[in-house]
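Below: one structure, written as structure tokens.
As the structure is a computational prediction, the values presented were derived from the model and not from experiment. Just so you know, these numbers use all the heavy atoms, side chains as well, and skip hydrogens, waters and symmetry mates.
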Amino acid sequence: MSAATEANVTATVVRLKLSLLRNGLRQSAGRRAAYVASAVVTLLFAVGQVLGLVLLRGTAHADALVVLLVAVLGLGWAVMPLFFPGGDETLDPTRLVMLPLRPRPLVRALLAASLVGIGPLFTVCLFAGSVITVARGAAAYVVGVVAVVLALLVCVALARAVAAANIRLLTSRRGRDLAVLSGLVVAVGAQVVNFGAQRLGSAGLGQLDPVADVLRWVPPASALGAVHSVSEGAYGTAAGQLALSGVVLAALIAVWARHLTRLMTSPDGSTLHGAESAGRERSSTRLGRLLPGGRTGTVMERSLRYVWRDPKTKAAWVTSLAIGLIVPVFNALQGTGSVYFACFAAGMLGLQMYNQFGQDTSAFWMVAMTISSTRDAYVELRARALALLVITLPYATLVTVLTTALLGDWARLPEALGLSFALLGAMLATGAWTSARFPYSIPQEGYKNVAPGQVGLAWISIFGGMAAGALLCAPVIVAAVWLHTGPDATAGRGWPLLPAGAVHGAALAYAGLRLAAPRTAARLPEILTAVSKA
């Protein structure tokens with residue numbers, strides 16, 4: 001293929017990217033408004049970041065912050081295709097397999113198309129601000145121009161290589177679990193950033209120096225590290241850092257081209273592999289042998305399999321598990337926590353009892369066919385609660401013990417456990433009742449967790465149930481407060497709250513299930529209609 005032909009391919013693919021963007025915006029006024037709003041917000045944020053970086057110029061350890069910022073931005077480019085594969089139609093090279101294109105020209109064309117969009121513009125703004133922050137002298141600015149281009153190409157090539165290596169997974173149904181779990185990454189990342197910002201605020205930017213010394217040799221941060229090296233007069237170090245970025249860029253393009261060749265010349269075996277894996281999983285009965293017999297064991301196994309297989313259910317569980325651990329542990333590490341923060345784990349996991357029938361979506365009709373009496377409804381709800389307890393009870397205990405160990409406040413461990421058990425029982429009780437009284441549908445596609453028109457039901461179910469659960473735990477909470485504020489308040493007197501909280505929580509869960517069972521049996525048609533509105 002001649003150079004002119006390769007240039008034509010590049011221009012065609014870039015025009016294709018622009019056409020896809022333009023045609024997407026023509027679909028509706030709402031989509032155009034959302035795109036314009038997101039573009040404006042992104043650009044304003046980029047301008048704010050650039051101004052902040054410029055103001056850091058001349059500040060001690062600013063170069064370490066810049067290196068870390070570029071490294072984090074490069075990591076973002078690497079992982080975003082895994083969570084948002086639909087954000088860029090040209091990320092999927094399998095759409096081009098029927099065209100007579102060679103991998104190398106196609107790589108150049110897709111690389112050029114990748115430079116069109118808000119993401120690359122935002123990245124260039126941050127890289128330019130980083131150069132202004134650390135550059136001193138004309139030579140540093142010249143190297144900065146090269147570094148910005150090189151770092152941007154490394155980021156884009158990294159994103160493309162990752163997407164090409166995982167495109168079979170990302171376009172499959174099971175692979176969409178990654179997109180659903182993106183909320184977990186955001187939640188965990190927010191807590192990590194918050195923790196890091198607080199540490200930097202108390203200890204200063206000097207804490208970043210050890211990490212920055214390593215990241216200066218990790219592309220794309222090494223390209224911006226070369227600008228600082230030139231400013232310090234270390235021209236040999238700067239040449240090495242730029243050369244390393246160039247080598248990594250060439251390696252990423254080679255990996256990308258190899259995956260493109262494989263995608264365009266080999267059949268897709270992911271479906272067959274998934275079917276074989278599913279067959280092996282279906283043939284396994286180890287889980288069933290560990291559970292009780294009869295309807296209870298069957299319902300428990302079904303609920304636990306939902307946790308593992310259903311993307312929305314899995315995302316909700318993993319997010320609750322992560323946040324329930326992060327909040328108490330991070331606060332304990334910062335020295336601002338309390339053992340009572342461990343109750344956050346029980347509260348987050350208890351939320352999984354809410355809207356039990358909505359998790360079944362339209363398949364709930366098969367469950368409804370097996371419920372013909374209040375007894376059947378009670379056994380169904382009890383089994384779902386037991387399946388939840390299989391995970392939540394040991395996890396809440398583990399988080400409480402870990403938080404206590406980090407704080408060294410062992411005298412309050414029994415009462416913290418008692419409060420957690422009481423809260424978990426209250427959440428099971430209110431979750432069972434609201435599942436029958438305020439059911440709502442959960443769409444299986446997209447990122448919405450509530451079907452249109454049912455948002456009010458979801459708010460009433462979750463927040464009303466949480467408020468009722470807090471009131472039901474009031475006796476245990478009052479007892480804990482009295483032990484520490486009464487006339488005979490001393491450390492180590494809270495051990496009776498452990499059995500008291502466990503008994504109180506068990507009683508609440510039993511009463512809640514008993515109250516919810518007749519309502520569930522009586523409202524089966526209404527529940528089925530509500531959960532099927534996807």
Side-chain angles (χ1 to χ4, degrees), residues 45-80 119-159 162 189-190 192-249 251-252:
F45 182 71
V47 171
Q49 293 295 306
V50 171
L51 291 176
L53 289 170
V54 172
L55 292 176
L56 286 174
R57 180 178 172 84
T59 304
H61 310 290
D63 58 297
L65 178 63
V66 164
V67 169
L68 181 63
L69 176 65
V70 175
V72 171
L73 196 58
L75 179 63
W77 273 90
V79 301
M80 282 304 103
L121 179 59
F122 175 81
T123 304
V124 168
C125 290
L126 260 63
F127 287 170
S130 300
V131 170
I132 296 174
T133 303
V134 300
R136 293 195 301 273
Y141 280 104
V142 172
V143 173
V145 174
V146 178
V148 168
V149 175
L150 194 56
L152 177 63
L153 292 177
V154 168
C155 289
V156 172
L158 178 60
V162 171
V192 172
V193 170
N194 178 51
F195 178 67
Q198 293 187 10
R199 290 292 299 272
L200 289 177
S202 60
L205 295 178
Q207 296 288 316
L208 297 177
D209 286 342
V211 178
D213 289 340
V214 176
L215 294 179
R216 292 183 204 280
W217 294 94
V218 178
S222 60
L224 273 296
V227 180
H228 178 258
S229 298
V230 171
S231 300
E232 296 293 324
Y235 297 103
T237 302
Q241 290 169 322
L242 288 176
L244 178 61
S245 298
V247 170
V248 169
L249 175 60
L252 288 173

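Between the R136 side chain and the G58 main chain, no donor and acceptor come within less than 3.5 Å of each other. Not a single donor-acceptor pair under 3.5 Å links the side chain of T123 to the backbone N or O of L73. Remark: the backbone N or O of A140 is not paired with any side-chain donor or acceptor of S231 at under 3.5 angstrom.
For A157 against L252, the heavy-atom pair with the smallest separation is CB-CB, 4.0 Å. Between R216 and Q241, the shortest heavy-atom contact is O-NE2, 3.4 Å. Across F127 and A151, no two heavy atoms sit closer than the pair CE1-CB, 3.5 Å. Of all heavy-atom pairs spanning S130 and L69, the tightest one is OG-CD2, 4.2 Å. L242 and L150 make their closest contact through O-CD2, 3.6 Å (heavy atoms, listed as atom of the first residue, atom of the second, distance). Annotation for P220 and V154: closest pair CB-CG1, 4.0 Å, computed over non-hydrogen atoms.
Checked options L126, V143, V131; the residue passing with V148 is V131 (criterion: side-chain contact (heavy atoms from CB on, under 4.5 Å)).
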Apply the test side-chain contact (heavy atoms from CB on, under 4.5 Å) to residues T237 and W217: give CA-CA distance (whole Å), side-chain angles for both, the deciding distance (0.1 Å), then the verdict.
CA-CA 10 Å; T237 302; W217 294 94; 3.7 Å; yes
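L244 contributes atom CG, which lies 11.0 Å from atom CG of L249 (distance to the nearest 0.5 angstrom). The structure places CG of L224 at 12.0 Å from CG of L215, a figure rounded to the nearest 0.5 Å. The structure places CG of L55 at 11.0 Å from CD1 of I132, a figure rounded to the nearest 0.5 Å.
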